[in-house]
Structure formats: C-alpha cells, structure tokens
**Q** 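Pasting a structure here, questions to come.
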Protein chains: 2
Amino acid sequence: MGKVTLHDVAKAAGVSIATASWAINDNKNVRIPENTRRKVRKVADRLGYHSNAFARSLARGRSDLIGFVSDGVATSPFAGQVIQGAQDEAWRNGKILLVVDTDGNKTIERKAFAFMLEHQVEGLIYSSWVHRAITPPVELDRTASVLVNCFDEFGRFPAVVPNEVQGGRAATELLIRAGHRRIAFVNEPTISPASVGRLEGYRLALSAGGIEYQPTMVIDATADQEGGYGAVDAVLATGATAVFCHNDRTAMGLYDALRERGLRVPDDLSVVGFDNQEVISAHLHPALTTVGLPQYDLGVLGVRSLLALNESVHGDGDAADGVAVAGGDKGVEGIGDEPRHYDPLLVACPAVMRDSIRARGVTATRVVSLG
Amino acid sequence: MGKVTLHDVAKAAGVSIATASWAINDNKNVRIPENTRRKVRKVADRLGYHSNAFARSLARGRSDLIGFVSDGVATSPFAGQVIQGAQDEAWRNGKILLVVDTDGNKTIERKAFAFMLEHQVEGLIYSSWVHRAITPPVELDRTASVLVNCFDEFGRFPAVVPNEVQGGRAATELLIRAGHRRIAFVNEPTISPASVGRLEGYRLALSAGGIEYQPTMVIDATADQEGGYGAVDAVLATGATAVFCHNDRTAMGLYDALRERGLRVPDDLSVVGFDNQEVISAHLHPALTTVGLPQYDLGVLGVRSLLALNESVHGDGDAADGVAVAGGDKGVEGIGDEPRHYDPLLVACPAVMRDSIRARGVTATRVVSLG
DNA sequence: TTGAAAGCGCTAACAA
DNA sequence: TTGTTAGCGCTTTCAA
C-alpha cells in the first residue's frame with residue numbers, strides 16, 4: 001500500500017519533515033532553494049510517495065471534494081454528459097467530484113449523503129434524471145447545495161435547468177423558417193416542465209411567425225417510440241406538413257409508422273425532435289433534426305454555481321464574480337438572514353441541424369443546404 | 001459545516017470522548033450500557049454530528065474506499081449498469097465506490113489514479129467502455145486491482161469480461177431453434193473480442209446444429225445503423241431467412257433498409273441483435289430479439305474479485321471463499337513470489353426474447369409464443 | 001532557509 | 001464500565 005510517508009521521504013532526503021512538505025507542495029510563504037526541492041522531489045518519487053489525502057485534509061481543514069448525488073442520471077442516456085461537465089469544471093478549480101447514483105432509492109440516497117457529509121464535501125450537487133420539481137432532501141441544508149436538472153418550488157436552492165421554452169421555440173422556428181405553416185406538435189400528455197415548456201415555446205414561435213395556434217394541432221402521445229408510432233394517424237389527420245415531436249424517441253416511432261404507410265421524411269412530412277439522443281437522432285434515415293439538451297453545460301454550471309455560493313460566503317466581500325448565479329443575483333447577500341430566493345438558471349437548448357426538414361414555399365430564407 | 005466534533009458530543013453528553021466514540025460505533029470489544037449509548041446517540045444527532053471520515057480513516061488505517069476508473073463507461077449507453085452493479089456490491093460489503101470517468105483522456109487518468117491512491121483506496125477497478133485488450137496503467141501495480149470489460153494480454157490482473165463466444169452462440173441458436181438453416185451474420189470487420197468471439201459462437205452454433213459454415217454468409221459492416229443499412233443487399237443476396245447482427249444498432253439500420261424495400265421483419269427475414277441496448281431494441285417494430293451484455297454482473301463481479309483479492313492477502317489462510325476469482329483459482333496462492341496468472345472470468349450474455357424471429361418449418365421446437 | 005512541535009478529529013490500547 | 005492518552009500523516013505557526 002501507500003506505506004511511504006512524508007516522514008520516510010524527509011529522512012531519506014536528509015531534511016526535516018516540514019521542509020519535505022514545503023518542497024513537495026509549492027508553499028508560497030516559504031522559499032525553498034531549488035536544489036533542496038529537487039532532491040526531495042526525486043527521493044519522493046523514487047520511494048513512490050503519495051501524500052495521504054486524509055491526513056492532508058484533516059490538517060488543512062479542507063477536503064477539495066464536491067458531492068454529486070443523482071437519482072439515476074448515470075443509468076439514463078443523458079447521464080454521462082452532465083457528470084462529465086461537472087467533473088471537468090470541478091477539476092478546473094482544483095476540486096474533485098464524488099459521484100453517487102442513488103437510482104432513485106431513498107435508502108441509498110440517505111447513505112450517500114451521510115457518506116458525503118462525513119467526507120467533508122465542500123458542497124453538494126443534487127441532480128435529477130428528468131427535469132422536474134423536487135422536494136429537497138434535508139441534508140442539502142447541511143452544506144452549500146445546488147440543484148441540477150431539477151428545482152425546488154420555493155427557490156431555496158440555486159438550480160440549473162434546461163430552457164424548455166426556448167428549446168420548444170427553437171424547434172418550431174426551424175420548421176417555420178423552412179416555410180412550414182401547418183405544424184403539428186406531438187406532446188407528452190403528462191404535466192412536466194418539458195411538456196409545458198415546450199408547448200409554450202411552440203406557441204411563442206407560432207405567434208411570432210404570425211401563425212394562429214390551433215389546439216387541434218397538438219397531439220397527445222407518450223414520450224417514446226410507441227407513442228410516436230401510435231400518433232401517426234392523428235398527425236396526418238391535421239393536414240400538417242411538418243411536425244415537432246416531444247422527443248427523439250417519439251420521432252423514431254413516427255418514422256416507423258410513416259414508412260409503413262409509404263410516406264417519406266422529409267418529402268411527405270418534415271420532422272423535428274428534441275433531446276438529441278445521439279444513438280437515435282444521428283442514425284435515423286434521414287438523420288433527425290432536433291434540439292439538444294445542454295447536459296454538459298448543466299454540469300459545468302452546477303459546479304460553477306456551487307463554487308460561487310461558497311465564494312460568496314467564505315470570500316472577502318466580492319462574491320460571485322460574474323458567475324452565472326440565478327438570474328438577478330438576489331440572495332447572494334443576506335447571509336443567514338431571511339431565507340433567500342434563487343431563480344433557476346435557464347440553460348439554452350441548441351438546435352442540431354440534420355436532414356429531416358424539407359424547405360417549402362418561397363418563405364424559405366436562411367435555408368441553404370436542404371434538399 | 002460539519003463543525004460538530006466528537007469532542008463536542010462527549011462534552012454535551014457528559015462522557016469522555018472515548019465513551020462517545022464507543023457509543024456511536026458499535027464497538028464489540030467494549031460494553032456500553034444501553035442508556036449511556038442512547039443518551040450519547042441522542043445528543044449526537046441533536047447536535048447534527050457527522051463523524052469525520054478523514055480522521056476516522058487516518059486513525060483506523062483503513063478507508064473502505066474502492067476506486068473505479070473507467071475510460072468513458074459513464075458516457076456510453078452501457079455505462080450506468082456496470083457502475084451500479086459495482087456500487088451495490090461495494091455497499092453490500094461496507095465499502096464505497098469512488099468513480100472517475102476519464103473519458104479516455106490519459107491526463108485525467110493520471111490525475112484520477114493519483115487521487116485514488118492519495119485517498120487510500122483499498123483497491124482499483126479499471127474498466128473499459130468497449131470490451132478489449134489493454135495495457136494496464138502502471139498505477140494498477142500500486143494496489144490490488146482488477147480489470148472489468150477489458151483484460152491484459154499477460155493475465156497479470158484478474159479480469160471480468162462478457163462471454164462473447166457464448167453470446168454469439170446463444171444468438172445463433174435462437175435462430176436455429178426457430179427452424180432457420182440459412183443464417184447470415186453481419187459482423188464488424190475490425191478485429192476485436194466482440195467480432196472474433198461472436199463469430200466463433202456463430203460457427204459453434206452452426207456446427208452444433210449440423211449446418212455447414214459458409215464464409216459467404218458472413219457480411220462485413222460497421223457496427224452501427226449505417227453499417228446495417230448498407231448491408232441489406234449483401235444479406236438478401238445470401239438467400240438467408242434469418243440474420244444475426246453484430247449489435248442492435250446494426251439491426252436497427254437493417255430494419256430501415258428492409259422496410260424501404262417493402263420487406264418485413266420477421267416475416268421476410270428474422271433478425272437477432274446483440275447488446276440489448278434498450279432504447280433501440282425494445283422499441284423497434286417489431287421489438288428486437290437480442291442478446292444482452294451482462295453489465296450489472298460485470299460490476300458486481302469486478303468488486304467481488306477485488307475483495308477476494310484483498311481477502312487472499314490480508315485474510316488468515318482461507319482465501320476467496322467460493323468467490324468467482326479467475327477460472328481455476330491459480331494464483332491465489334504464491335503471494336509475492338513468481339508473478340501469478342489470472343484467466344479472465346467470462347460472464348454469460350443472456351438471450352432476450354422479443355418479436356423479431358419467425359418460427360419456420362417443422363424443426364421448430366421450443367418455439368412457443370412466436371407469431 | 002530550516003526545524004520543532006502543536007494540533008486536525010478520531011480510534012484503540014492501556015489503565016483505572 | 002469508563003477515562004487517559006498515544007498516535008494516524010500532514011500542515012503550519014513559531015523559533016532558531
């Protein structure tokens with residue numbers, strides 16, 4: 001094991017334990033001559049020395065750890081990206097992510113929090129697999145915490161979530177710009193930030209494009225292949241020339257159903273999805289134009305918000321240096337006074353152009369590379 | 001923060017610090033009267049006490065941490081399951097998983113290992129996104145290590161991998177049992193454990209079924225939708241009534257191409273995939289019969305092997321109690337003597353029956369619920 | 001520039 | 001049954 005201690009290194013290098021410590025870490029309060037330092041360093045890795053993080057953190061009173069608890073993000077297709085973003089941003093700041101996926105299991109969640117707290121994390125990121133409102137676990141109150149891909153109703157914690165409205169609008173506008181005016185929307189019937197937000201975006205786009213919103217153009221269907229498959233007749237019945245699907249899976253199902261009817265995308269119907277679930281969207285025939293979820297950014301911004309939060313507490317005066325804390329900065333002051341309120345930080349969903357939209361009529365400006 | 005220390009608890013409860021420690025942990029060498037214990041416990045969580053893991057580990061000389069380093073498993077669709085399995089098994093043994101996804105980046109990998117080693121992990125699990133041979137990073141020599149979904153050529157480390165041969169055989173046998181005799185195999189042209197193993201399984205099944213192997217029935221295609229899509233003519237040219245696709249993505253592409261030619265699965269062609277990539281296989285029309293990768297088990301067996309490894313070193317005599325250490329137990333003895341050799345532990349790939357196989361001819365035994 | 005030494009919070013002998 | 005105390009390995013004053 002890592003039996004080599006700083007003591008061993010110091011002895012082998014013929015210096016004191018303190019000097020060894022200084023030589024290895026670049027302590028700025030102490031000037032160690034270059035050659036002592038080199039000597040110590042050389043001895044250290046000849047001996048295979050690895051500093052003991054426990055002893056270090058104990059002495060320093062700082063762990064450099066950030067806890068990341070998710071309710072299943074690791075098993076979802078959107079998983080990795082969020083974690084990856086968080087990890088990268090953490091590393092960039094000299095912090096390390098402790099990740100636990102609770103898979104939605106409350107017992108595991110309890111244990112996970114206990115573990116994180118015992119390991120002196122400097123903050124907690126609580127992330128949900130699906131964008132939704134949550135009731136924050138009590139443990140979040142024990143340390144700095146931020147919510148990712150979820151939010152609490154009362155805005156007690158900073159939250160970072162995808163901008164569903166803008167996304168829905170972007171998707172619809174892709175179609176409008178291509179000249180479509182009869183645009184159906186296959187939406188998930190459940191009330192959720194996604195279904196509500198995307199619908200609002202759809203309506204906004206329509207209205208901005210001077211197109212009247214017709215409730216009959218909105219078709220309910222479960223947000224998966226089966227839903228899309230089953231929605232085909234309803235979609236065709238609307239006489240739409242284009243359809244915005246709640247997500248890529250829905251679009252995939254619709255593709256299948258369309259093909260069985262001898263109809264082609266995009267010639268007979270233009271389609272746009274949502275999520276940019278690569279395994280699907282990039283490999284459909286034709287490849288699906290869609291709107292991506294900003295997973296990586298959610299991770300990055302989650303960590304960034306957390307660091308800003310700590311900054312604003314520990315820092316000397318100047319908090320959150322331009323970092324994207326909840327829109328409007330309210331709450332960054334008033335430490336420990338009345339409860340602060342955070343508005344969720346909305347992260348844009350980028351359009352991903354592929355081949356499932358057909359330009360139509362003269363209205364088509366901006367449309368260049370479409371067949 | 002977790003400013004409450006054991007000292008505080010002890011004082012508040014009017015006992016010594018040692019008694020407090022004993023009351024909180026259930027130390028078996030000491031008998032604490034039930035009411036002192038209860039009192040201490042109550043005070044502890046009134047104060048919101050959380051033991052400091054660093055101090056504890058430092059004093060105990062044990063971290064209860066297991067490092068899990070993967071080269072991108074968290075961003076792959078197969079991700080979560082492996083980690084989930086590992087995490088569950090770790091927890092079951094009072095250990096906790098420290099997960100880092102390096103995304104294939106060697107710099108991050110270095111840092112990740114350093115981090116793990118500094119945090120005194122009791123062992124390392126090194127996992128690959130795709131089943132393959134690897135050159136073990138040197139850090140693996142610094143502590144007990146096992147490989148998951150990958151292996152080193154020289155068997156220097158215990159490895160846990162999917163049984164590709166058995167999987168390929170299972171897939172093919174599904175078709176043979178349904179009465180097919182002309183079975184094509186769309187395989188990935190690259191040399192890999194998967195392509196080689198599945199092909200071998202295919203041949204084994206054929207031979208066991210009394211069917212002659214014909215190289216012309218094996219079609220090369222990249223292992224994705226595009227590959228499957230492009231392979232359709234070659235497949236049809238073989239006159240096959242059934243086809244085994246290297247993976248589900250290939251099958252998905254083939255489905256598309258087939259449909260464009262007005263052909264139907266399984267009526268015109270039976271199809272079986274591999275990987276059981278749920279987003280795809282479960283939602284194709286018809287749902288795809290396939291062979292699953294045993295991801296969860298890989299995770300479980302990975303940590304189990306690791307624990308067995310440590311057991312066999314630290315344990316008193318009786319090592320690896322029936323635990324699945326490399327086939328044949330060689331190497332469990334001979335600590336520190338000549339280098340031991342571990343054969344990879346092969347984990348079975350389960351068949352997942354769905355609707356893409358059509359029973360054919362009289363040979364069909366065992367086939368019950370097929371249309 | 002360097003060393004000695006006092007903790008960081010906890011566990012586990014050893015005493016009482 | 002309980003308390004005292006010596007570390008665990010490292011950082012960081014304070015002296016030299």
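Letters go in sequence order (proteins before strands), and every chain restarts at 1.
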**Q** Take atom CD in B/Glu34; do more than 12 heavy atoms of anything else shown fall under 6.0 Å from it?
**A**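 Correct, the count exceeds 12.
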**Q** Identify whether the distance between the nearest side-chain nitrogen and carboxylate oxygen of A/Asp26 and A/Arg41 falls below 4.0 Å.
**A** yes
**Q** Going through the distances and angles, do B/Glu139 and B/Arg142 end up as a salt bridge (charged side-chain N to carboxylate O under 4.0 Å, His left out)?
**A** CA-CA 5 Å; B/Glu139 287 90 345; B/Arg142 306 193 59 80; over 6 Å; no
**Q** Just to verify, which of B/Val303, B/Leu301, B/Val300 counts as forming a side chain to side chain contact (heavy atoms under 4.5 Å, CB included) with B/Val160?
**A**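 The side chain to side chain contact (heavy atoms under 4.5 Å, CB included) with B/Val160 is passed solely by B/Leu301 among B/Val303, B/Leu301, B/Val300.
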**Q** Below 4.0 Å from chain B heavy atoms, what is the first contacting nucleotide of DNA chain C and what is the last?
**A** C/dG9 to C/dA13
**Q** Base, backbone or nothing for each nucleotide of nucleotides 8-16 of chain D, written B, S, -, heavy atoms under 4.0 angstrom, 5' to 3'?
**A** BBBSBB---
**Q** Between B/Leu65 and B/Glu122, is there a side-chain heavy-atom distance shorter than 4.5 Å?
**A**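 A side-chain contact under 4.5 Å is absent here.
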**Q** Does any non-hydrogen side-chain atom of A/Asp152 lie less than 4.5 Å from one of A/Thr135?
**A**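 A side-chain contact is absent here, since even the closest heavy-atom pair is not under 4.5 Å.
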**Q** Over all strands shown, is A/Ser57 touching base, sugar-phosphate only, or nothing at heavy-atom distances under 4.0 angstrom?
**A**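 Nothing: the residue A/Ser57, judged by heavy atoms under 4.0 Å, touches no strand.
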**Q** Does atom CZ of A/Arg92 have more than 12 heavy-atom neighbours, drawn from other residues, nucleotides or ligands, at distances under 6.0 Å?
**A** yes
**Q** If only side-chain N and O atoms count, and only distance matters, is there a donor-acceptor pair under 3.5 Å linking B/Tyr296 with B/Glu89?
**A** no
**Q** To the nearest 10°, give me the bend of the helix from C/dT1-D/dA16 to C/dA16-D/dT1, comparing the axes of its five terminal pairs at either end.
**A**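 Helix axis angle between the two ends: 40°.
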**Q** Hey, which of A/Ser63, A/Ser21, A/Ser51 is the one that makes side chain to side chain donor-acceptor pair (under 3.5 Å) with A/Arg56?
**A**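 Of the listed residues A/Ser63, A/Ser21, A/Ser51, the side chain to side chain donor-acceptor pair (under 3.5 Å) partner of A/Arg56 is A/Ser51.
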**Q** Provide the closest heavy-atom pair for A/Phe154 versus A/His341 in the form atom of the first, atom of the second, distance.
**A** O-ND1, 3.2 Å
